[in-house]
Amino acid sequence: MVVGILLDQADARGDVRPRLGDRLALAIGGLRHRFGVAEGRRAAVMVPLVLAVAFLLFYVSVIAWSPGVVYPGALGPFSNPTVIVAGLFVVALAAAATGRNAAARWIALGAVGTQSFLSLLAALFGWLGPSLPTTVLIVGFGVIAALPWQTPLATAISLSALLALFGYMLIGDIAAAALPIPGADIGIAFAQVAVLVAVIAVIAIAARHARRLEPQAKPS
């Protein structure tokens with residue numbers, strides 16, 4: 001089949017044999033298909049990853065950077081291991097920037113799982129982060145990058161909802177620390193979890209019906 005394509009191209013130009021450029025173009029196209037390289041970058045993947053990397057660079061260099069601190073969960077000069085997640089997002093962004101959208105989405109999902117696991121360990125063992133609002137924001141960026149959205153509008157709506165959710169979680173944490181009411185922190189925590197569960201359910205339903213929600217989008 002491949003030989004036939006090359007011969008057809010050569011015959012159309014009146015050549016006796018395929019040109020070297022034809023062979024190289026076909027080989028490169030095969031490699032791009034084999035390793036999941038899409039034609040061009042997708043904003044639906046790139047934008048959430050750029051935002052995630054920007055936030056994580058700020059987080060690890062300003063918030064988590066604590067050289068000399070000896071505390072449970074510390075990793076080298078960082079107060080918690082979120083720097084690992086930052087590295088994964090950088091790799092995902094590099095993959096998306098080179099058109100490897102499928103790989104970028106899988107790496108983003110790996111970062112989501114890693115961040116969720118670190119957040120659980122932080123809550124169980126009293127680490128200095130990552131906090132719940134931070135985890136919500138980082139995980140949200142990763143999930144949006146991995147969703148089957150194709151249009152910029154869907155990505156913009158998702159990011160807006162994520163930032164609103166982050167604000168809600170952050171305000172909840174501040175209120176829990178400020179209110180001198182017994183049990184207020186527990187009540188706020190339950191409210192935060194309830195909203196998170198609702199958002200996860202909405203995301204799952206929307207992702208399942210992504211093609212119907214975006215009927216004019218081309219599949220990746």
Side-chain angles (χ1 to χ4, degrees), residues 42-66 71-97 101 103-149 154-174 176 188-189 191-204 206-207:
R42 287 193 178 276
V45 182
M46 286 285 296
V47 172
L49 292 179
V50 168
L51 293 175
V53 169
F55 173 77
L56 282 166
L57 287 177
F58 167 78
Y59 181 85
V60 300
S61 62
V62 176
I63 298 176
W65 179 254
S66 304
Y71 203 83
L75 181 63
F78 302 100
S79 61
N80 64 69
T82 303
V83 64
I84 298 173
V85 179
L88 289 173
F89 270 107
V90 169
V91 175
L93 179 58
N101 297 302
R105 281 171 162 148
W106 280 110
I107 296 170
L109 285 177
V112 165
T114 303
Q115 180 67 31
S116 301
F117 181 65
L118 292 178
S119 181
L120 177 61
L121 292 179
L124 291 176
F125 299 106
W127 292 1
L128 290 175
S131 65
L132 183 58
T134 297
T135 296
V136 166
L137 187 61
I138 296 173
V139 167
F141 282 139
V143 169
I144 293 173
L147 283 173
W149 298 153
T155 301
I157 293 173
S158 301
L159 289 173
S160 299
L162 172 61
L163 293 176
L165 178 61
F166 172 68
Y168 167 79
M169 304 297 289
L170 191 59
I171 292 172
D173 275 14
I174 295 173
I188 291 174
Q192 289 175 325
V193 172
V195 171
L196 275 176
V197 171
V199 169
I200 290 172
V202 170
I203 289 174

Kindly indicate whether the side chain of [X], heavy atoms from C-beta on, has any atom under 4.5 Å from the side chain of [Y].
{"X": "Tyr59", "Y": "Pro130", "value": "yes"}
{"X": "Leu49", "Y": "Phe141", "value": "no"}
{"X": "Leu75", "Y": "Ile84", "value": "yes"}
{"X": "Leu132", "Y": "Leu196", "value": "yes"}
{"X": "Leu147", "Y": "Ile203", "value": "yes"}
{"X": "Met169", "Y": "Leu137", "value": "no"}
{"X": "Leu162", "Y": "Val143", "value": "no"}

Closest contact, heavy atoms only, [X] versus [Y]:
{"X": "Ile188", "Y": "Gly172", "value": "CG2-O, 3.4 Å"}
{"X": "Ser79", "Y": "Ser66", "value": "CB-OG, 3.9 Å"}
{"X": "Phe89", "Y": "Ala111", "value": "CE1-CB, 3.6 Å"}
{"X": "Gly142", "Y": "Ala108", "value": "O-CB, 3.8 Å"}
{"X": "Ser116", "Y": "Val139", "value": "OG-CG2, 3.7 Å"}
{"X": "Leu118", "Y": "Pro81", "value": "CD1-O, 3.6 Å"}

For the [atom1] atom of [X] and the [atom2] atom of [Y], what is their distance to the nearest 0.5 Å?
{"X": "Leu109", "Y": "Thr114", "atom1": "CG", "atom2": "OG1", "result": "10.5 Å"}
{"X": "Leu56", "Y": "Leu93", "atom1": "CG", "atom2": "CG", "result": "11.0 Å"}
{"X": "Ser160", "Y": "Leu165", "atom1": "OG", "atom2": "CG", "result": "12.5 Å"}
{"X": "Thr82", "Y": "Ile63", "atom1": "OG1", "atom2": "CD1", "result": "9.5 Å"}
{"X": "Tyr168", "Y": "Leu170", "atom1": "OH", "atom2": "CG", "result": "12.5 Å"}
{"X": "Met46", "Y": "Thr155", "atom1": "CE", "atom2": "OG1", "result": "12.0 Å"}

Start with the C-alpha distance between Phe55 and Thr134, add both sets of side-chain angles, then the distance that settles side-chain contact (heavy atoms from CB on, under 4.5 Å), and finish with yes or no.
CA-CA 10 Å; Phe55 173 77; Thr134 297; 4.0 Å; yes

Test side chain to side chain donor-acceptor pair (under 3.5 Å) applied to Ser119 - qualifying residues, sequence neighbours left out:
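Listed in chain order: Thr135.
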
Dump the intermediate steps for side-chain contact (heavy atoms from CB on, under 4.5 Å) on Gln115 and Leu88, then the final yes or no.
CA-CA 10 Å; Gln115 180 67 31; Leu88 289 173; over 6 Å; no

